[in-house]
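Please read the structure below before turning to the comments.
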Amino acid sequence: MKAVRRSALARPSTEVAPELLNKMLVSGPVAGRIVEVEAYRGSEDAASHAYRGPTARNGVMFGPAGHLYVYFTYGMHFCANIVTMTEGVAEAVLLRALAPVQGIDLMRVRRPAAHRDRDLCNGPAKLCQSLAIHRDLNGVDLLARSSTVRLLDDGTDPPTSPVASRRIGINVATGLLWRFSVPDDPNVSGPRSLLTGTPR
DNA sequence: CTTTGGATCGTCT
DNA sequence: GACGATCCAAAGG
C-alpha cells in the first residue's frame, strides 16, 4: 500500500474527486475501496456547507488538504469528506460509497440493518457506520501513519471513464455533474436510474 | 423495482 | 424555529 501525496489532494475538488475512486479507506481493522464520491466547493457552490463562510461546524473544510471533515446530519447520521485544496479555501469530496474489502464481519455487527454485503457501505452515512467514523474523528489527518482512519493507494488505478452524474440529496446547485462513481459497481448508492443520463 | 413517510437533533437564521 | 450532503421499513407495480 502506497501513501497518497498531499499535493495530489491540494487541488480543486472537482479534479480530485474522480481520482479518489479505487483508493482505499482504512479504519482500524476495517477497510473499503472508494467507489462513489461527490465534489463540493466553497464560495461558488450553493450546496456546499462552506458556501456562507466559516462556522463552527465546517472549520475543517477551510484547513489543509488530506484531513477528514465529519459532520452530523438529520439528527442521527454522520457523513465524511476528504478536504482538498489549500488552507483557507474550503473544498471537499464527500465519500458516498465503498466496496467492503476487510473486516466485513465487524461491519455487519455495526450495521445490523444490512442484509447483503452491498448494503454495508452504499451510502455516506452507512459507510461511516461500518467504519465507525463519528464526531471525534473530525479533523483527523488521513495521510498520517498514526491516524486510525487513513487514505491509501493499493496500486489500483481510478477508472478510465468514471460515471459522472448529478449530486444526490441537495436542493440547490443541481445540474452540476459532480458525482463520480465506478462504472457498474454494485456498491454505488441510490437508484441506478440517477446514474444514466441526466433526468429531472 | 420505485415511492413514501417517520425518525431525531445539531446547526444556523 | 426550520431544515438538513440520510436511512429504513412498508407498501405498491
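To find a chain, count down the sequence lines: A is the first, B the second, and so on, and within it residues start at 1. Note that these values count all heavy atoms, side chains included, but never hydrogens, waters or copies made by symmetry. Quick caveat, the model's predicted, so the values are computed rather than measured.
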Evaluate the criterion salt bridge (Lys or Arg N to Asp or Glu O under 4.0 Å) for residue pair A:D185 and A:R118; output intermediate values, then yes/no.
CA-CA 10 Å; A:D185 190 289; A:R118 66 161 62 111; over 6 Å; no
CA sep, side-chain torsions, deciding dist, call: A:V163, A:R179, side-chain contact (heavy atoms from CB on, under 4.5 Å)
CA-CA 8 Å; A:V163 176; A:R179 176 188 180 212; over 6 Å; no
Derivation of the salt bridge (Lys or Arg N to Asp or Glu O under 4.0 Å) call for A:D141 and A:R6
CA-CA 10 Å; A:D141 185 0; A:R6 201 174 304 276; 2.9 Å; yes
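If you check every strand for non-hydrogen atoms under 4.0 Å, A:A47 touches a base. Using a 4.0 Å heavy-atom distance criterion, A:R96 is classed as a sugar-phosphate-only contact. At the heavy-atom level, A:R111 lies under 4.0 Å from the strands shown only through sugar-phosphate atoms.
A:E91 and A:S13 share a side-chain donor-acceptor pair at under 3.5 Å. Side-chain atoms of A:R33 and A:T156 include a donor-acceptor pair closer than 3.5 Å.
A cation-pi arrangement is absent between A:R135 and A:Y71 under the rule of less than 6.0 angstrom and at most 45 degrees off the ring axis.
In this structure, CG in A:L95 is found 7.0 Å from CD1 in A:I133, a value given to the nearest 0.5 Å. The distance from atom OG1 of A:T14 to atom CH2 of A:W178, rounded to the nearest 0.5 Å, is 6.0 Å.
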Which dot-bracket string fits DNA chain B when only Watson-Crick or G-U wobble pairs with both atom distances under 3.5 Å count, crossing pairs get [ ], and | stands for a partner on a different strand?
|||||||.||||.
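The existence of a salt bridge linking A:E38 and A:R96 is confirmed by a sub-4.0 Å separation between a basic side-chain nitrogen and an acidic carboxylate oxygen.
Where DNA chain C meets chain A (any atom under 4.0 Å from a heavy atom), the bounding nucleotides read 5' to 3' are C:dG4 to C:dC8.
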At under 4.0 Å between heavy atoms, how does the protein contact nucleotides 1-13 of chain B? Give one character per nucleotide, 5' to 3', with B, S or -.
-S----BBBSSS-
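In this pair, A:H134 and A:F78 present their aromatic rings perpendicular. The plane angle is above 60°, beyond the 30 to 60° band.
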